[in-house]
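The block underneath contains the structure these notes are about, expressed in structure tokens.
Note that this is a predicted model, so its numbers are computed, not measured. Just so you know, ligand 1 is whichever comes first in the structure, and atom 1 is the first atom listed for that ligand.
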Amino acid sequence: MQRLESMKEFEDRMRVWGAGILRRCFCRAVVNGGSPGPGFGIHSLSDMFQRLEDTFQFCAQCRVLPDQLSDSKILRRCKRCRNVYYCSRECQRADWSVHKKVCWELRLVAIDRLLEWLVVTGDFSLTSGPWPWPPGAVRDWDTWFSMWGAQLDTILESVLGSHTMSTLWDSVGRPRPDPDSLRGSLRRLLTDALSQPLTVGLGLRTLVENTGKLGGITVHVVGASHIETFLASHGAYEELKHMFPESGGLHVVMVGVDLAVESVPQFTSVLPTTPATIQLSSYRGLYHDFWEEQIETGQAVWPDLVAGFHPGFHSSQDLMAGWLPTLLLLRDYEIPTIFTVYSQQELTASLQILMELETQIIAYGDNPFASLKPEQAYTNPNKQPVYCSAYYIMFRGTSHQPDGEEAGGKMDNRI
Ligand SMILES: [Zn+2]
Ligand SMILES: [Zn+2]
């Protein structure tokens, strides 16, 4: 708490970080069959971590909640992962055949969600710095970590030795994990934060021919939410600048209905770009409205690339209805686009939709810059954890032959 000057600042930071906690509170309420409770009124660090932990407290086997137990009973945590709870030995034994498949990964999840606090306090910075290697040599996380080598080790050691790190483990009600586990977690948090900018970079490398063009590069991040703006305001997108040191400047516009516009400057119109810099702005609204209002009126330039993280249009009719105008617009204006999804199943479903829409798929597959931080399904902890942006899809324009060519062909036949 050393660096947090006031309760106000504490609350501000909680609001950003707390979005995740709120979601979990909500999930828990759903498990409970009730509605989410009133605001969380947190007063200390231990209180906050306790509230966070409370959201995980239900028996993973029979779903009983702490207040539904008889007086003599309490929920006990799995000793291996310290992530799931059981009301009795019987429940734990009955659940083991399922839980054992994810126990190891859930152990990592439980550490990661606590260390995320160091990102919020600023004790663990997400920015790296100018790349010491030629950007082309950095193809995936292995090469990215090799590039930073000893320099990164020094940073991790200083975080491990920081006052906030000690305060954190004094406040959480569980023993401090060994240094290797903590280092591993910090590395995963880095991949989680830098996954988005580096995935945008992957899209630019693959789909945009001249990234060094005069006037700079414009990227639109569509369907952006508080996650994108959180990352942007914490400097994660600076990494993109280091990936394209030759660029005439990068302009990234976050467009989405639920983004937190207060953390990223609002989109005004075309801003002049300066070589080797990145400018971020945000627009709250739907992408096709943004397009109509800003691009069609000539106030903003066309994007060189559009990126979307987990758009989710495959998951429901409602989401698909919301995305359809944007998908058609991207297709018809032949905008190079990269989308990411969580799983193989989502990849297949999304590809199918894009093919039905006759978009021209350029590439898809394992994302070399996927987040390596496992994400737990809160209402169903034994579900296999997923990884953000695990797979990508790139498309551009239409797979359909233009009408003119078809007509021309027919004419030729006639002649
Ligand atoms: Zn139980
Ligand atoms: Zn376990």
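The aromatic rings of Phe145 and Trp141 sit tilted relative to each other, their planes meeting at an angle between 30° and 60°.
Protein N/O/S atoms closer than 2.8 Å to the Zn ion (ligand 1): Cys59 SG, Cys62 SG, Cys87 SG, Cys91 SG.
Annotation: side-chain hydrogen bond (donor to acceptor under 3.5 Å, both in side chains) contacts of Asp178 (sequence neighbours excluded): Ser181. Listed by chain and residue number, Arg183 satisfy the salt bridge (Lys or Arg N to Asp or Glu O under 4.0 Å) test with Glu157 (two or more places apart in sequence, or in another chain).
At the Zn ion (ligand 2), the vertex angle linking NE2 of His99 with SG of Cys78 is 120° (nearest 10 degrees).
Of the possible polar contacts, one joining the Trp323 side chain to the Pro311 backbone as a donor-acceptor pair under 3.5 Å is found. Side-chain N or O atoms of Arg331 include one that pairs as donor or acceptor with a backbone N or O of Leu357 at under 3.5 Å.
Within the structure, the salt bridge (charged side-chain N to carboxylate O under 4.0 Å, His left out) test picks out no pair touching residues 94-103 (sequence neighbours left out).
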